[in-house]
A.B. asks: 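One structure coming up, written as structure tokens, with questions to follow.
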Amino acid sequence: GRRASVALAVTSNAADGRPLTLYFEDHDTATNAWTGSLCRYVDQLAFIMVPAKSVGSAVEREERTRAVRECKASLSALCADDA
């Protein structure tokens with residue numbers, strides 16, 4: 001495929017305000033993705049894709065791992081409902 005030429009940086013509350021950058025082939029693809037369903041999923045995507053700020057304790061890492069798994073399952077269900 002062609003190289004990504006459009007970057008969409010989204011700030012999300014789920015990622016503590018840190019940006020999530022998504023790359024698209026062109027402006028039309030980015031616009032279609034965002035106006036389609038991406039805007040509804042961005043908080044979950046950010047939570048999954050943006051790394052945690054700090055390593056934390058073993059218990060905190062376990063909790064983060066559990067939360068990410070739950071978020072992935074929720075995102076999967078949302079996508080399946082849209083399909």
Side-chain angles (χ1 to χ4, degrees):
R2 294 183 359 213
R3 293 179 57 104
S5 63
V6 175
L8 175 64
V10 181
T11 303
S12 168
N13 291 334
D16 299 326
R18 291 171 288 151
L20 167 65
T21 305
L22 303 169
Y23 298 94
F24 297 92
E25 184 177 337
D26 55 46
H27 186 268
D28 289 339
T29 304
T31 301
N32 289 338
W34 184 257
T35 57
S37 55
L38 186 60
C39 63
R40 294 192 308 262
Y41 306 145
V42 72
D43 283 337
Q44 284 133 327
L45 283 174
F47 183 74
I48 293 168
M49 296 176 69
V50 175
K53 283 186 179 179
S54 63
V55 175
S57 69
V59 171
E60 291 170 330
R61 289 191 304 271
E62 256 180 50
E63 177 62 25
R64 166 83 179 164
T65 300
R66 184 194 58 73
V68 166
R69 284 189 183 134
E70 288 177 5
C71 190
K72 285 179 180 180
S74 171
L75 182 58
S76 178
L78 285 171
C79 291
D81 288 345
D82 273 358

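FYI, the numbering just counts along the sequence from 1.
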A.B. asks: So, using salt bridge (charged side-chain N to carboxylate O under 4.0 Å, His left out) as the criterion, who are the partners of E25 when residues are at least two apart?
C.D. replies: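 Result, salt bridge (charged side-chain N to carboxylate O under 4.0 Å, His left out) vs E25: R2.
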A.B. asks: Looking at residues at least two apart in the chain, or sitting in another chain, which of them share a side chain to side chain contact (heavy atoms under 4.5 Å, CB included) with S76?
C.D. replies: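 Applying side chain to side chain contact (heavy atoms under 4.5 Å, CB included) to S76 gives none.
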A.B. asks: Suppose the criterion is salt bridge (Lys or Arg N to Asp or Glu O under 4.0 Å): which pairs have a residue in residues 69-79, not counting sequence neighbours?
C.D. replies: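 Passing the test, one end in residues 69-79: R66-E70.
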A.B. asks: side-chain hydrogen bond (donor to acceptor under 3.5 Å, both in side chains) with S74: which residues, sequence neighbours excluded?
C.D. replies: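 Partners of S74 under the side-chain hydrogen bond (donor to acceptor under 3.5 Å, both in side chains) test: Q44.
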A.B. asks: For residues A30 and V6, report the shortest heavy-atom separation together with the two atoms involved.
C.D. replies: CB-CG1, 4.0 Å
A.B. asks: For the pair L8 and T21, evaluate side chain to side chain contact (heavy atoms under 4.5 Å, CB included) and give the outcome as yes or no after the intermediate values.
C.D. replies: CA-CA 5 Å; L8 175 64; T21 305; over 6 Å; no
A.B. asks: With sequence neighbours excluded, what pairs up with C79 under the side chain to side chain contact (heavy atoms under 4.5 Å, CB included) test?
C.D. replies: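 Checked C79 against side chain to side chain contact (heavy atoms under 4.5 Å, CB included); matches are Y41, L75.
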A.B. asks: Sequence neighbours left out, what passes side-chain hydrogen bond (donor to acceptor under 3.5 Å, both in side chains) with Y23? Give chain and number order.
C.D. replies: none
A.B. asks: Would you say the side chain of L22 lies within less than 4.5 Å of the side chain of L38, judging by non-hydrogen atoms?
C.D. replies: yes
A.B. asks: Can you list the residues that meet the side-chain hydrogen bond (donor to acceptor under 3.5 Å, both in side chains) rule with D26, with sequence neighbours excluded?
C.D. replies: T29
A.B. asks: Using the test side chain to side chain contact (heavy atoms under 4.5 Å, CB included), find all partners of S57 that sit at least two apart in sequence or belong to another chain.
C.D. replies: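 Partners of S57 by the side chain to side chain contact (heavy atoms under 4.5 Å, CB included) criterion, ordered by chain and then number, come out as V59, E60.
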A.B. asks: T31 versus F24: any side-chain heavy-atom pair under 4.5 Å?
C.D. replies: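 A side-chain contact under 4.5 Å is absent here.
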